[in-house]
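If you read the sequence from its start, that first residue is 1, and numbering goes on from there. Atom set for the values below is all heavy atoms of this structure, side chains included, hydrogens, waters and symmetry mates excluded.
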Amino acid sequence: MNGTEQSMTEPSMTEQGNQTVLAGLDPNIVRMYKKDDAGILVFREAWVDAGGNDDGEIANDAAEVSEVFFVVNHGTVGHISTSKDVLVKSVEEAEAMLAAFAAQCEEDGYALLSREEQTLVVAQFALKSDRVSDRDKHLAKRVKDTLTPHLAWRGSGVLEKIEFTAAGHGLGKLNIYIAAPDAARAVANIKVCIREEKLDFTKLTVATGPIDDPSALRAKHSATGGTAFSL
């Protein structure tokens with residue numbers, strides 16, 4: 001099938017609409033930040049690993065839980081973190097440890113960072129057509145599957161949404177929305193991940209702006225080197 005035949009049979013980007021891939025911050029993770037004595041943003045996070053389902057909800061039925069771990073992760077935002085897990089007897093014990101962890105973090109000067117305190121970062125790929133092909137869908141899935149853990153283990157961002165949009169002149173765009181505590185670190189991590197995973201790096205633009213004002217996004221990385229950006 002040639003490109004013309006394919007574009008006539010596949011749904012348009014406007015027909016598909018937006019695809020929300022994550023609801024934002026994982027409610028099962030306690031994640032806190034602070035600036036150290038050198039003014040560098042660092043983070044601590046912890047969670048209960050007790051099986052769970054595809055939505056990340058913790059399994060509470062004892063028959064469904066073989067092992068329960070309390071996991072602690074910490075590091076400098078933008079750099080690979082250090083993780084440690086402890087085998088515990090029950091979900092209740094792990095949840096008590098999670099509450100104690102949060103209290104200790106607060107005592108050490110760490111604080112929760114609301115979404116409003118973060119920056120919107122959008123990784124955008126230029127597509128050949130304003131029709132969503134199987135290749136485009138595969139790219140979106142690969143980006144989600146590789147970028148999500150890459151950012152998570154560095155404390156540098158949470159994927160919130162993926163969308164396809166038309167770019168005019170028959171072209172298209174793939175936009176990946178990320179809430180980031182440090183925009184510069186997130187941009188650097190995104191570039192490294194996309195390049196290492198060979199995910200169309202030459203088609204990548206990365207923009208940053210206020211979390212709730214996409215119209216104010218400005219490119220921090222692009223093939224042309226300019227700052228103009230549009231969703």
Side-chain angles (χ1 to χ4, degrees), residues 20-119 121 141-161 176-186 188-190 192-193 196-197:
T20 300
V21 295
L22 290 176
L25 299 180
D26 188 335
N28 295 318
I29 296 179
V30 172
R31 181 183 294 116
M32 294 186 171
Y33 299 86
K34 79 169 185 178
K35 288 189 176 180
D36 64 14
D37 294 339
I40 297 172
L41 191 62
V42 295
F43 75 103
R44 289 179 185 171
E45 61 185 8
W47 63 92
V48 179
D49 183 355
N53 58 29
D54 292 339
D55 296 324
E57 296 179 355
I58 296 172
N60 292 311
D61 188 339
E64 298 177 359
V65 180
S66 57
E67 291 182 323
V68 180
F69 292 91
F70 176 68
V71 187
V72 176
N73 187 46
H74 63 91
T76 300
V77 170
H79 299 273
I80 192 68
S81 54
T82 300
S83 183
K84 180 180 179 180
D85 56 65
V86 178
L87 181 64
V88 295
K89 295 179 180 178
S90 66
V91 171
E92 290 74 19
E93 180 182 352
E95 289 178 340
M97 294 173 69
L98 190 62
F101 168 84
Q104 184 62 55
C105 285
E106 290 183 2
E107 186 176 327
D108 293 341
Y110 288 78
L112 296 172
L113 196 61
S114 69
R115 185 176 182 274
E116 290 70 26
E117 296 175 274
Q118 300 186 60
T119 301
V121 178
K141 185 178 186 306
R142 285 282 316 281
V143 171
K144 175 192 170 186
D145 290 347
T146 56
L147 194 56
T148 296
H150 188 93
L151 296 177
W153 286 112
R154 292 162 177 78
S156 56
V158 175
L159 271 71
E160 292 192 316
K161 183 176 70 175
I176 297 90
Y177 292 71
I178 298 156
D182 184 318
R185 294 291 185 184
N189 289 161
I190 290 166
V192 168
C193 179
E196 288 182 347
E197 296 295 330

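Contact between G157 and L151 at its shortest, heavy atoms only, is O-CB, 3.4 Å. Nearest approach of A183 to T119, heavy atoms of both residues: CB-CG2, 3.8 Å. Heavy-atom minimum distance, S156 versus N189: OG-OD1, 2.7 Å. In terms of heavy atoms, S90 sits closest to V68 at O-CG1, 3.7 Å. Of all heavy-atom pairs spanning P149 and K144, the tightest one is CD-O, 4.2 Å. Here the shortest heavy-atom pairing between A46 and L98 reads O-CD1, 3.5 Å.
The stretch residues 145-159 participates, sequence neighbours left out, in these salt bridge (charged side-chain N to carboxylate O under 4.0 Å, His left out) pairs: K141-D145. For residues 96-109, the salt bridge (charged side-chain N to carboxylate O under 4.0 Å, His left out) pairs, not counting sequence neighbours, are R44-D108.
Between I176 and I190, the closest side-chain pair of non-hydrogen atoms is not below 4.5 Å. Taking the side chain as every heavy atom from C-beta outward, K34 and V42 approach each other to under 4.5 Å. With contacts defined as side-chain heavy-atom distances shorter than 4.5 Å, the pair R185/H79 qualifies. No side-chain heavy atom of H150 sits less than 4.5 Å from a side-chain heavy atom of E197.
Distance check, rounded to the nearest 0.5 Å: OG1 of T76 to CG of D182 gives 11.0 Å. Here OG1 of T82 is found 10.0 Å from CH2 of W153. Values are rounded to the nearest 0.5 Å. Here the straight-line distance linking atom CD1 of I29 with atom CG of N73 works out to 9.0 Å at 0.5 Å rounding. With rounding to the nearest 0.5 angstrom, the CD atom of E45 is 10.5 Å from the NE2 atom of H74. Distance check: R31 CZ to C105 SG gives 12.0 Å after rounding to the nearest 0.5 Å.
Inspection of the E117 and S114 side chains reveals an N or O donor paired with an N or O acceptor under 3.5 Å.
Taking the salt bridge (Lys or Arg N to Asp or Glu O under 4.0 Å) definition, one finds that K35 meets it with nothing, sequence neighbours left out.
Classification of the F70-F101 ring pair by plane angle, with boundaries at 30° and 60°, yields perpendicular.
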